[in-house]
Amino acid sequence: QVHLLQSGGGLVQTGGSLRLSCAASGRDFPFSNMAWFRQAPGKEREFVADISWSGGSTFYADSVKDRFTISRDYGKRTLFLHMSALKVEDAAVYYCAGKVPGAGSTNYQAVTYSHWGQGTEVTVSS
């Protein structure tokens, strides 16, 4: 019943910054964690960052560790990804995702997230 609605994609030059948003709508909010994934053309879906909804603990892929920040507005049920120092390699369609309790907090595989946003494209030009 919950729906994830993304916004904030666009075009940015290398070294630039961009913020993505993912708003959960509907009566229910069943997630223990939310995360960002990305998928570039011809590549597999790649984990980017995860945040526990209640406590706000974060985990990042090594490729974005010191450049991206995942956060959430608990009251507004909205997830964010602030991206800095963007590289051409960051260009992809970015998806937000939600994980329900019991799916495994130490597993960041896409299959463990049951709900997904529609995706938003991030283009990085050199």
Side-chain angles (χ1 to χ4, degrees):
Q1 190 171 358
V2 64
H3 295 88
L4 302 180
L5 307 175
Q6 298 183 222
S7 62
L11 172 65
V12 64
Q13 290 191 357
T14 56
S17 299
L18 200 65
R19 189 184 75 164
L20 307 182
S21 299
C22 175
S25 64
R27 179 176 179 178
D28 300 323
F29 188 87
F31 307 129
S32 62
N33 294 69
M34 294 191 73
W36 291 97
F37 288 79
R38 65 189 183 186
Q39 188 165 20
K43 295 184 178 294
E44 296 293 320
R45 192 180 305 169
E46 177 188 20
F47 170 78
V48 175
D50 177 277
I51 187 167
S52 63
W53 197 255
S54 179
S57 299
T58 59
F59 183 84
Y60 297 90
D62 289 341
S63 59
V64 307
K65 179 70 175 179
D66 297 317
R67 301 184 298 116
F68 291 12
T69 301
I70 187 171
S71 62
R72 88 276 195 252
D73 187 320
Y74 190 95
K76 294 183 177 180
R77 305 195 309 179
T78 302
L79 178 74
F80 303 98
L81 183 68
H82 182 236
M83 304 178 291
S84 299
L86 282 162
K87 306 174 180 179
V88 172
E89 306 93 270
D90 296 317
V93 176
Y94 282 70
Y95 298 91
C96 64
K99 177 186 293 186
V100 299
S105 62
T106 60
N107 189 340
Y108 303 106
Q109 296 179 353
V111 70
T112 66
Y113 297 83
S114 59
H115 294 69
W116 294 84
Q118 80 277 19
T120 185
E121 187 170 11
V122 173
T123 303
V124 183
S125 62
S126 60

Apply side-chain contact (heavy atoms from CB on, under 4.5 Å) to the pair T58 and D50, showing each step before the final yes or no. CA-CA 6 Å; T58 59; D50 177 277; over 6 Å; no
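- Using modelled atom types, one side-chain atom of Y60 and one backbone atom of I70 make a donor-acceptor pair closer than 3.5 Å.
- Side-chain atoms of R38 do not come within 3.5 Å of backbone N or O of V122 as any donor-acceptor pair.
- Counting only distance, with no hydrogens or angles, the side chain of T78 and the backbone of A23 share no donor-acceptor pair below 3.5 Å.
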CA sep, side-chain torsions, deciding dist, call: F47, F59, side-chain contact (heavy atoms from CB on, under 4.5 Å): CA-CA 10 Å; F47 170 78; F59 183 84; 3.7 Å; yes
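- Note that the CG atom of L79 and the CZ atom of R72 stand 10.0 Å from one another [nearest 0.5 Å].
- Contact annotation: the side chain of S32 never approaches that of V100 to less than 4.5 Å [non-hydrogen atoms, C-beta and beyond].
- L5 and W53 end up in different hydrophobic clusters when Ile, Leu, Val, Met, Phe, Trp and Tyr side chains are linked at under 4.5 Å.
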Tell me, with the steps shown, if S63 and F68 meet side-chain contact (heavy atoms from CB on, under 4.5 Å). CA-CA 9 Å; S63 59; F68 291 12; over 6 Å; no
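- Within the 3.5 Å criterion, the main-chain N or O of G119 finds a donor-acceptor partner in the side chain of Q6.
- Across L4 and M34, no two heavy atoms sit closer than the pair CD2-CE, 3.8 Å.
- Ring pair F31/H115: centre-to-centre distance below 6.0 Å.
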Show the numbers, then the answer: is there a side-chain contact (heavy atoms from CB on, under 4.5 Å) between K87 and R67? CA-CA 10 Å; K87 306 174 180 179; R67 301 184 298 116; 3.8 Å; yes
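- Remark: F80 CZ to D73 CG distance equals 5.5 Å, nearest 0.5 Å.
- Between T69 and L81 the shortest side-chain heavy-atom distance does not fall below 4.5 Å.
- With a 6.0 Å cutoff to the six-membered ring centre and a 45° limit on the axis angle, R45 counts as a cation-pi contact of W116.
- Between the side chain of Q1 and the main chain of R27, no donor-acceptor pair closer than 3.5 Å is present.
- Summarising the geometry, atom CD belonging to Q13 is positioned 12.5 Å from atom OG1 belonging to T123; distances are rounded to the nearest 0.5 Å.
- Put simply, OG on S17 and CG on L86 are 6.5 Å apart, with the number rounded to the nearest 0.5 Å.
- Under a hydrophobic-cluster definition in which Ile, Leu, Val, Met, Phe, Trp and Tyr are linked whenever side-chain heavy atoms come within less than 4.5 Å, directly or via other members, L20 and Y74 are assigned to the same cluster.
- When all heavy atoms of V2 and P30 are compared, the closest pair comes out as CG1-CD, 3.9 Å.
- Considering all non-hydrogen atoms of both residues, K43 and Q39 come closest at O-NE2, 3.1 Å.
- Between H82 atom NE2 and L18 atom CG the span is 8.5 Å, to the nearest 0.5 Å.
- Shown here for V124 and A91, the closest heavy-atom pair between the two residues is N-CB, 3.9 Å.
- A distance of 10.5 Å separates OG in S21 from NZ in K76, rounded to the nearest 0.5 Å.
- Aromatic pair Y95/F37: ring centres not closer than 6.0 Å.
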